[in-house]
Amino acid sequence: MKNASIGAFDSGLGGLTVVSQIHNYLPNESIVYFGDTGRVPYGSRSNETIIRYARQDINFLKSNNVKLIIAACGTVSSVASSAADGLDVPYVEVVTPASKMAAECTKNGKIGVIGTAATIASNSYKNKILGINDDFEVYQYACPLFVPFVESGFVSPDDELVIGIVKRYVEPLIKDGVDTLILGCTHYPILAPAIQKVLGDGVKLINTGEAAAIEIKRILTENDMLADKAGESHFFVSDTTQTFIKTSEVLLGKTLDFDVKKIDIEKY
Ligand code: DGL
C-alpha cells in the first residue's frame with residue numbers, strides 16, 4: 001500500500017496546480033490524476049450533478065487502487081464531500097486545509113475568498129473560517145471568467161486584458177481591507193502573479209494546493225503510508241488528450257513527460 005499512488009481529480013486541469021504542490025512536498029509519491037475535461041466546468045452546475053460527477057471520478061481512482069484521494073477542485077470540495085461517503089482510503093479536500101492556513105496567516109482578521117459560483121454560493125470557506133474563529137471577517141467573490149482565462153492560457157501579469165479582468169473581480173477586496181486571500185479554485189494559482197500585482201504585496205495569497213499537500217504529507221506520515229521509492233505518475237482525461245497536453249504546460253510550467261490517456265468516465 002505504501003507505494004500505491006495518490007489519486008487526484010478535478011473538473012479539468014486546475015487540479016494540476018495541486019499535483020505540482022504534491023510533487024514539491026512529497027517528491028517520492030506517484031499520482032494517478034483524472035481531469036474531467038469532457039464535463040468541465042463543474043462550478044456552474046447544480047450540487048446534484050457535481051456530486052454525481054465526483055462519485056464517478058472517485059470510483060475511477062479507486063479502480064486504480066490508490067492509497068488516498070484528493071479532491072483537487074475547490075468546487076467539489078465545497079459541495080460534494082458526500083461523494084466520498086463510505087470510502088475506505090483517506091479523503092482530502094482543499095477547503096479545510098486552506099481555511100486553517102488562512103486563519104493562521106491573517107493579522108487583521110479580514111480574509112478574502114475567491115472561487116467559482118458554486119463554491120462561493122456554498123459558503124464552504126466562510127463557514128470553515130468562522131468555525132475556527134467567529135471574530136474573523138470573511139469577504140467572498142465569485143470569479144467565473146478566471147477559469148476560461150486560465151484554460152486559454154491568458155495568465156500573464158503583463159497582459160492588459162488579464163489585469164483588466166483581475167481588477168474587475170478582486171479590486172473590491174482592497175476596499176474590504178483583507179490581508180489574506182484564499183485562491184479558492186485550483187485554477188487560480190496560475191493567476192497569482194496578476195492577482196498579487198493588483199492587490200499589492202501586503203496581501204498574502206493562500207494556494208489551496210499547497211495547504212492540501214501539507215495535509216496529505218501529515219496524513220501519510222502519521223499512518224506510515226509514505227512511499228519509500230519514487231514511482232510513475234499517470235494522467236487521464238475524459239476528452240481529447242491534445243488540449244490537456246497544451247494546457248498542462250501553462251499549469252505546470254513545464255512539458256509533461258508522462259502519458260495521458262482518455263477514458264469513458266460514464267462507465268464508473
Ligand atoms: N478547478 C475547479 C475548482 O477548483 C474550477 C473549474 C470548474 O468550474 O470546474 O473549483
Side-chain angles (χ1 to χ4, degrees), residues 7-22 31 33-58 61 69-81 83-84 91-99 101-102 112-126 128 140-155 165 169 181-192 195 205-213 215 235-239 243-244 247-248 250-252 265:
F9 71 98
D10 178 42
S11 56
L13 304 171
L16 291 176
T17 62
V18 181
V19 170
S20 86
Q21 292 293 337
I22 296 173
I31 292 169
Y33 181 87
F34 173 64
D36 201 357
T37 50
R39 304 189 295 195
V40 69
Y42 284 10
S44 49
R45 296 184 195 273
S46 69
N47 290 0
E48 293 70 33
T49 302
I50 299 168
I51 292 167
R52 182 165 66 80
Y53 287 178
R55 269 202 198 108
Q56 291 178 311
D57 303 345
I58 289 170
L61 293 175
I69 292 181
I70 161 81
C73 173
T75 306
V76 169
S77 300
S78 293
V79 307
S81 286
Y91 178 75
V92 178
E93 43 77 26
V94 296
V95 172
T96 309
S99 300
M101 192 182 252
V113 180
I114 53 175
T116 63
T119 295
I120 298 307
S122 76
N123 288 318
S124 57
Y125 288 97
K126 183 174 185 178
K128 199 60 86 177
Q140 338 178 71
Y141 299 94
C143 308
L145 287 178
F146 279 4
V147 168
F149 261 67
V150 170
E151 299 240 336
S152 313
F154 289 109
V155 297
I165 197 71
Y169 285 130
L181 173 64
I182 298 181
L183 307 177
C185 165
T186 52
H187 280 74
Y188 297 179
I190 305 303
L191 286 169
I195 295 170
L205 304 184
I206 303 291
N207 180 328
T208 54
E210 181 176 18
E215 175 66 1
F235 294 83
F236 299 88
V237 287
S238 51
D239 202 348
T243 321
F244 179 89
T247 314
S248 66
V250 177
L251 284 145
L252 286 172
I265 192 64

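Numbering of residues begins at 1 and proceeds along the displayed sequence. In this text, all values refer to a predicted model and were calculated from it rather than measured experimentally. Both counts, for ligands and for their atoms, begin at 1 and track the order of listing.
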Number the atoms of ligand 1 from 1 as they appear, then name those within less than 4.0 Å of a heavy atom of [X], with their elements.
| X | value |
| --- | --- |
| Gly43 | 7 (C), 8 (O), 9 (O) |
| Asp10 | 1 (N), 2 (C) |
| Thr116 | 5 (C), 8 (O), 10 (O) |
| Thr75 | 3 (C), 4 (O), 10 (O) |
| Pro41 | 7 (C), 8 (O), 9 (O) |

To which protein heavy atom is [atom] closest, and what is the distance rounded to 0.1 Å?
| atom | answer |
| --- | --- |
| atom 4 (O) of ligand 1 | Gly74 N, 2.6 Å |
| atom 5 (C) of ligand 1 | Cys185 SG, 3.3 Å |
| atom 6 (C) of ligand 1 | Ser11 OG, 3.3 Å |

Quick check on Gly12 - does any of its heavy atoms sit under 4.0 Å from an atom of ligand 1?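 The answer is no, since Gly12 has no heavy atom less than 4.0 Å from ligand 1.
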Interatomic distance, Thr75 atom OG1 to His187 atom NE2 [nearest 0.5 angstrom] |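 With rounding to 0.5 Å, OG1 (Thr75) is 9.5 Å from NE2 (His187).
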If you round to the nearest 0.5 Å, how far is CZ of Phe149 from CD1 of Ile190?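 One finds 15.0 Å between CD1 of Ile190 and CZ of Phe149.
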_I want to confirm something. Looking only at heavy atoms, which of Thr186, Thr17, Val40 is nearest to atom 1 (N) of ligand 1?_
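It is Thr186 that holds the nearest heavy atom.
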Residue among Ser99, Ser78, Ser77 satisfying side chain to side chain contact (heavy atoms under 4.5 Å, CB included) with Ser124: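 Of the listed options, the one satisfying the test is Ser78.
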- Query: Think Arg45 forms a cation-pi with Tyr53, using NZ or CZ under 6.0 Å from the six-ring centre and within 45 degrees of its axis?
  - Reply: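 No, Arg45 does not sit over the ring of Tyr53.
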Student check: side-chain heavy atoms of Tyr33 and Val18 closer than 4.5 Å: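 No, their side chains stay 4.5 Å or more apart.
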Exercise. Should the ring pair Phe146 and Tyr188 be called parallel, tilted or perpendicular, given that the plane angle runs from 0 to 90° and is split at 30 and 60?
Worked result: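 Taking Tyr188 first and then Phe146, their aromatic rings stand perpendicular (interplane angle over 60°).
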- Query: For the rings on Tyr169 and Tyr141, is their centre-to-centre separation under 6.0 Å?
  - Reply: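 So the answer is no for these two rings.
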